[in-house]
*Asks:* 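Starting off with a structure, shown below.
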Amino acid sequence: MYDLIVAGGGTAGCATAISAAKNGLRVLLIEKNTFLGGSMTGALVMPMMKNILKNGLDLSGDFAKELMAELRETNDSLIFDDGNYGWFNSEMLKCTLDDLCEKYNVKILFDSIVTNVSMNNNKINSVEVSYCGQKIEKKGKYFVDATGNGDLAMLCGAGFQNGNNNENQAMTLRFIMSNVNIKEFSKYLREIDDNEEISPICNINGEIHLSTACTWDNDIWKLKPLFEKAVENGELAEEDCAYFQIFTIPNQPTSMAFNAPRIYADKSLDPLEVNDTSYALIQGRKQIKRLLKFVKKYLPGFQNAYISQIAPMLGIRDSRRINCEYRLTEDDILSCKKFENTVAKSNYPIDVHSREKNKSVLNKLSDNEFFEIPLESLKVKDIENLFVAGKIIDSTFLAQAAIRIIPNCLTMGENLGKFISKRTG
């Protein structure tokens, strides 16, 4: 019998499990992949977004700081010049999460999924875990669904929302290129773009670190003429230019991480439909092949570079949103609403990635304002001992576009773990 069983060892799931175990609970963590970290590792979502106000107030919890501090011991995370300490090496994060789970006695079942539940009235008694055709029963007092798709909650019959009028946010398939001459590329960036807010470049621990971007919705980007020329020459499709963002990686001095491509489709892709996600993986790899040729031809420093990794997971921005005791709304976000039982604080905007040109949304808050996420948005309605964590908490489509980032998921998981520990104690 476990005090807490967490389904999903991604961003929010790891934080929940480790936090609860630190506070004395016997915890089981069930993960479908062969590693922890979810989007941070499997989908190559790095660096994490900054969650620090302009006045210096850090809105994230202790776990996000602890995680990055552990990685900094081996130079696998860094603090960028803007104060964002969330630049990390995704491969080494897998090891760090293993180490933290071992340190705090979290039991992990890898390569496993929850396939059934046993319930008595409105309470879960146990879950059925499947591994290599075997069915294993695991009993628990409390359960957390951190699967990213609300799989456990669905098995329990919980209600949910998905998308917005049959539209979901666009998916992304990220990748990494290595053998990049970052010194040459940074010199080129400085020649064409001296705006440090658009293309920041800094020297950290003797390494050059930078980021830059280009989107089809905005004309501010200095790389945009190159994309337009490549489209004109038939080397890129227009949809390949939808969203392009690249970052250096700590302790990988010749590698760059690509937040691209945004997957093209002539209809909205549903993350709950296997035909849609299968299409997205195939289409994403096609677009990556075109981007590979583009950067090698057009961007100085990439001539001898190669693809060293394509993410094994899609970057899925929204999926099921499970019905809980309180539905967070876009009005709550934009009015910076505060709650009595708060699990996370954030200044992140309502950020919707649309599949269509000029239809994305970016509604920002004032520099020193923030909204809060209440515990009630994580407590599943009508199921006594089930909570959710991560991007699947109860929220409207637009509110979810603000809460889905890594710092929020880490912090809500951390505080949910503490809350369940107090309730169990």
*Asks:* What are the two closest non-hydrogen atoms of Gln169 and Arg317, and how far apart are they?
*Replies:*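 Smallest interatomic distance, heavy atoms only, reads OE1-CD, 3.5 Å.
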*Asks:* Counting neighbours of NZ on Lys224 that are heavy atoms of other residues, nucleotides or ligands and sit closer than 6.0 Å, is the number greater than 12?
*Replies:*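 Yes, the 6.0 Å shell around NZ holds more than 12 heavy atoms from other groups.
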*Asks:* Checking the side chain of Ser366 only, and the main-chain atoms of Asn368 only, is there a donor and an acceptor separated by less than 3.5 Å?
*Replies:*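 Side chain of Ser366 to backbone of Asn368, a donor-acceptor pair under 3.5 Å: no, none is there.
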*Asks:* Is a donor on one side and an acceptor on the other found under 3.5 Å between the side chain of Asp367 and the backbone of Lys54?
*Replies:*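 No, because the side chain of Asp367 does not come within donor-acceptor range (under 3.5 Å) of the backbone of Lys54.
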*Asks:* For residues 143-156, which side-chain donor-acceptor pairs fall under 3.5 Å, sequence neighbours excluded?
*Replies:*
{"unit_1": "Asp145", "atom_1": "OD1", "unit_2": "Thr147", "atom_2": "N", "d": "3.0"}
{"unit_1": "Asp145", "atom_1": "OD1", "unit_2": "Thr147", "atom_2": "OG1", "d": "2.7"}
{"unit_1": "Asp145", "atom_1": "OD2", "unit_2": "Asp151", "atom_2": "N", "d": "3.3"}
{"unit_1": "Asp145", "atom_1": "OD2", "unit_2": "Leu152", "atom_2": "N", "d": "2.9"}
{"unit_1": "Asp145", "atom_1": "OD2", "unit_2": "Ala153", "atom_2": "N", "d": "2.8"}
{"unit_1": "Thr147", "atom_1": "OG1", "unit_2": "Asn149", "atom_2": "N", "d": "3.4"}
{"unit_1": "Thr147", "atom_1": "OG1", "unit_2": "Gly150", "atom_2": "N", "d": "3.0"}
{"unit_1": "Thr147", "atom_1": "OG1", "unit_2": "Asp151", "atom_2": "N", "d": "3.0"}
{"unit_1": "Asn149", "atom_1": "OD1", "unit_2": "Ser319", "atom_2": "OG", "d": "2.6"}
{"unit_1": "Asp151", "atom_1": "OD1", "unit_2": "Arg320", "atom_2": "NH1", "d": "3.4"}

*Asks:* With the side chain counted from C-beta on, respond yes when Tyr264 and Gln283 share a heavy-atom pair under 4.5 Å apart, and no when they do not.
*Replies:*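 They are in contact (side-chain heavy atoms under 4.5 Å apart), so the answer is yes.
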*Asks:* Is the cationic atom of Lys337 (NZ for Lys, CZ for Arg) positioned less than 6.0 Å from the six-membered ring centroid of Phe371 and within 45 degrees of its normal?
*Replies:*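 That pair does not qualify as a cation-pi contact.
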*Asks:* Could you go through Lys379 and Asp394, starting from their C-alpha distance and side-chain angles, then the distance that decides it, and tell me whether this counts as salt bridge (charged side-chain N to carboxylate O under 4.0 Å, His left out)?
*Replies:* CA-CA 9 Å; Lys379 174 65 184 69; Asp394 199 348; over 6 Å; no
*Asks:* Assess, by modelled atom type and distance only, whether the side chains of Asn51 and Ser60 contain a donor and an acceptor separated by less than 3.5 Å.
*Replies:*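 Yes - a donor-acceptor pair under 3.5 Å links their side chains.
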*Asks:* Taking the side chain as C-beta and beyond, is there a heavy-atom pair between Ile333 and Leu365 under 4.5 Å?
*Replies:*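 In contact.
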*Asks:* For the pair Arg26 and Asp3, find out whether any cationic side-chain nitrogen is under 4.0 Å from an anionic carboxylate oxygen.
*Replies:*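 Salt bridge between Arg26 and Asp3, a charged N being under 4.0 Å from a carboxylate O: no.
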*Asks:* Scan side-chain atoms only and decide if Asn33 and Glu31 contain a donor-acceptor pair under the 3.5 Å cut-off.
*Replies:*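 There is such a pair (donor and acceptor under 3.5 Å, judged by atom type) between the side chains of Asn33 and Glu31.
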*Asks:* Would you call the rings of Trp87 and Phe80 parallel, tilted or perpendicular, where under 30° means parallel and over 60° means perpendicular?
*Replies:*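 Parallel: the ring planes of Trp87 and Phe80 meet at under 30°.
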*Asks:* Taking only Lys NZ, Arg NE, NH1 and NH2, and the carboxylate oxygens of Asp or Glu, determine whether Glu239 and Lys357 approach each other closer than 4.0 Å.
*Replies:*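 Between Lys357 and Glu239 there is no salt bridge, as every charged N stays at least 4.0 Å from the carboxylate O atoms.
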*Asks:* Just wondering, do Ile249 and Phe88 contact through their side chains at under 4.5 Å, heavy atoms?
*Replies:*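 Of all side-chain heavy-atom pairs linking Ile249 with Phe88, none is under 4.5 Å.
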*Asks:* Quick check: closest heavy atoms across Asn385 and Lys141, and the distance to 0.1 Å?
*Replies:*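 Answer, listing the atom of Asn385 first, then Lys141: ND2-O, 2.9 Å.
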*Asks:* Looking at Asp193 and Ile198, would you say the former's side chain and the latter's main chain have a donor-acceptor pair under 3.5 Å?
*Replies:*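 Checking the backbone N and O of Ile198 against the side chain of Asp193, no donor-acceptor pair under 3.5 Å is found.
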*Asks:* Using distance alone, with no hydrogens and no angle criterion, decide if Thr396 and Glu330 have a side-chain donor and acceptor under 3.5 Å apart.
*Replies:*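 Looking only at side-chain atoms, Glu330 and Thr396 do form a donor-acceptor pair, the distance falling under 3.5 Å.
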*Asks:* Checking Lys22 against Phe63: charged group under 6.0 Å from the ring centre and within 45 degrees of the axis?
*Replies:*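 Here Lys22 fails the 6.0 Å and 45° test against Phe63.
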*Asks:* Do Asp318 and Asn168 have a side chain donor and acceptor closer than 3.5 Å?
*Replies:*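 Present: a donor and an acceptor within the cut-off.
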*Asks:* Using modelled atom types only, decide if a donor and an acceptor are shared between the side chain of Thr277 and the backbone of Val274 within a distance under 3.5 Å.
*Replies:*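 Answer holds: yes.
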*Asks:* Does Thr342 use its side chain to pair, donor to acceptor, with the backbone of Lys338 at less than 3.5 Å?
*Replies:*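 No; judged by distance alone, with no hydrogens or angles, the pair does not exist.
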